[in-house]
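To start, the structure under review is shown below, and the notes come after it.
Note that the coordinates shown come from a computational prediction; the quantities given were computed from them, not determined experimentally.
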Amino acid sequence: MVKAFYLAASLLFLMTLIVGMHYIFTDRVDVTGKLSAVAGLTRMGSPSLSVAYYEQRIESRVQEVEKENNIIYPEMMPVDRMDFVYEK
Amino acid sequence: MKNSPFIHFLMLEFFKERKKHIGVISISLVILFLLSSVLFISSSIRHSLNQTLAWEPDFVVQRIQGGQKVNAPTEWIDDLLEVHGISKITSRVYGRYFFKSKEKSFLIVGVDFMDEQSHKALRMMMDETDLKEFLKGNNMLVGEGVSSHLKAHFYPNGYTFLTPKGAFKKVQLFKVLPKKSNLISNDMIIVPIELAREILGMGEDEVSDIAFNVPNDDEWENVADKISAFYYDLRVVTKEDIKKAYENLYNYKGGIFLILFLIVIVTFVLILYQRYSMVYSSERRHIGLLRALGWSIRDVLKLKFFETMMIVLIAFVLGVALAYLYVFVLGAPLLAEIFLGGANLHNSVILVPVLDFGILSSIFLIYAIPFISAVLIPTWKIAVTDPKEAML
Amino acid sequence: METMIVIENLNKHFKSGDAIFKVLKNINLQINAGECIVLKGVSGSGKTTLLSIMGGLDRPSSGKVLVEGESISKLPDLHISHFRARKIGMIFQHFNLFDHLTAAENVMIPLIPAGLDMNEVNHKVEASLKLANISHKAKSPAGRLSGGEKQRVAIARALASDPAIILCDEPTANLDRNNSLKFIDILSQLHEMGKTIVVATHDPLFDTLPFESRIIPMEDGSLVSTVSEDVLEQG
């Protein structure tokens, strides 16, 4: 039975080793470098809206708007129904 | 270790009753895997954003009217120039452009490409960029999300913007920003500042806001107070405010998961407690028999403690390792969608491996201590009864 | 002859709500080293309870139990556990083996708290299995053994730490006649080795053991025979 223990322990150790190796050898500098470059260029380091989940108005899963507001200028921001409830 | 009968017996007990343990390990594994995955995603994003904070200006001055942010006048820059201790004043021009009202929007950012800092940053971002070529015509640099969205809507090479003045502005897609910057650039369109003004309908004397730095940290409060007093409709946003906002944002969903985790762990512990207590007589008889064969209470508790620790460690190491591989090697498919949200454009963020040992230790303690208690307390209760009674 | 076990004014009762059930009433008994005692009585006569108290598995409500001159009735847990591990070999009615462990692994259990080296443990396990004539089944899971084989594993386990006292609680209750006779043969060997044996049973096979033994009838929690009382008085 001790063999089974050594096997299990070896497997766990191997997994930890793989994780450790990946962590040490991942090129972090490149990713942070690219992020810093964009932030440096735009002087805006805020996350893109597609990683935000707090802004209800823009959140596509929360159907607060139904259709375009202005036929002539469809690019105009749609009216949020909650605007009529809360003066934001 | 090999020569210890206790260790040998511990292994026997553990592996021969593996069916019993596999169920417990599996449930623990799922719980730990999910929680670790969420915390890894959250830590990674927070870490990446903290890195970009270095490039954020120390202060941003905005104009607020009627509770809404409006464009600020460029004349404010002259007032700021007169304040001592301020450096690197930059006017920022940016805004959202809604893509045919389908609730998808792009962030138009205007950049003064004549600025030396912009040159440096551009070279860091893109290896081969002919700036002159870029500035010749109406060109834009777009984030990956924008590029995919445009292609999907049959705009592979560029887009024709409709300005608020009713004019059409055709802009060519020059280059896609690196995928590694998706966290901040996914829905971004970078254009020369004049073009941005046209698309957003801003006049020459308007800017979205004004950014500047104050190199001396001790002067921050003074400068903020001084500037706030300039105009009644002037709002000062500091880097600290932004940092706190980030923390709140990314602690929010992590916090929800933590609460869910705590609820699940409490339920799990209660089930375990019931399982190890008098409900299952086989466990009781097992302990009673060991006691009858000369094992002391301490011996029995030692056996159960080490047996439980093995389960805890296996589940923890496996759960965290699998979570790490899932998040940082596979990119957290599905969970990233749930955690990051599907708002606006689809985003595939590259998550930088971050191991917060403080959080990992906390997870371990929150999981291990109740687990071990749930096993040891009923075991102790059985062990202290006379063996004859326990074996009934 | 050296006295092994002395029981003085032993009483045991259980409480159930307000009712008190007296299981053992004023037991006085003396057992000499190397003796074989058969506690005979029907179910409910208190023989199992008396055996349990002798083996330190249960505590008396009042009275004393002395083993080799040492009182075991009020020992702290660590001491009584050591006592059970070193001095008592217990053979239970239903064998009480761990079905998921092999015969050898079951026999090993009483030796673990003793702090021995693994080689010593293996040596003792082998010797016990040989003595109980069950070496050939050392690696078989206990759950797959027959009743007779399980009983022999239980005997081997009881002998593993070479205890001075062997306590048997209805050892032949789950055995056929053939296996019961084989068990009695083993008891005979243990008696020759000088072990003190106490058997609680109602099996008539124990009325005529092939070696010297003392039958003490029990009824309703009391010893029917008062031979031991006389010996105490003389002592």
Check: For chain C, which residues from residues 290-301 of chain B lie under 4.5 Å away (heavy-atom distances)?
Finding: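 Within residues 290-301 of chain B, the residues that come under 4.5 Å of chain C (heavy atoms only) are B:L290, B:R291, B:A292, B:L293, B:G294, B:W295, B:S296, B:I297, B:R298, B:D299.
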
Query raised in the report: Is the number of heavy atoms from other residues, nucleotides or ligands under 6.0 Å of B:F306 CZ greater than 12?
Result: no

Got more than 12 heavy atoms from elsewhere within 6.0 Å of NZ, C:K22?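 No - once you tally the heavy atoms of other residues, nucleotides and ligands closer than 6.0 Å, there are 12 at most.
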
Distance from C:L97 atom CG to B:L289 atom CG, nearest 0.5 Å?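 So the CG of C:L97 and the CG of B:L289 are separated by 8.0 Å.
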
**Q.** C:L101 side chain near B:F9 side chain, heavy-atom distance below 4.5 Å
**A.**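 C:L101 vs B:F9: side chains touch.
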
Non-hydrogen side-chain atoms of C:N96 and B:R285 separated by less than 4.5 Å: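 C:N96 vs B:R285: side chains touch.
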
Taking a cut-off of under 4.5 angstrom between non-hydrogen atoms, the residues of residues 51-83 of chain C near chain B are C:S52, C:L57, C:D58, C:R59, C:D77, C:L78, C:S81

- Item | Closest approach of C:M108 to B:P5 (non-hydrogen atoms, all atoms of both residues) |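 Looking at all heavy atoms of both residues, the closest pair is CE-O, 4.3 Å.
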
Which region of C:T49, side chain (C-beta onward) or backbone (N, CA, C, O), has a non-hydrogen atom less than 4.5 Å from a non-hydrogen atom of chain B, or is it both or neither?
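Both parts, backbone and side chain.
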
Is it the side chain or the backbone of C:R157 that comes within 4.5 Å of chain B heavy atoms, both, or neither?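 Answer is side chain: those atoms of C:R157 sit under 4.5 Å from chain B.
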
Do the ring planes of C:H100 and B:H286 sit parallel (below 30°), tilted (30 to 60°) or perpendicular (above 60°)? parallel

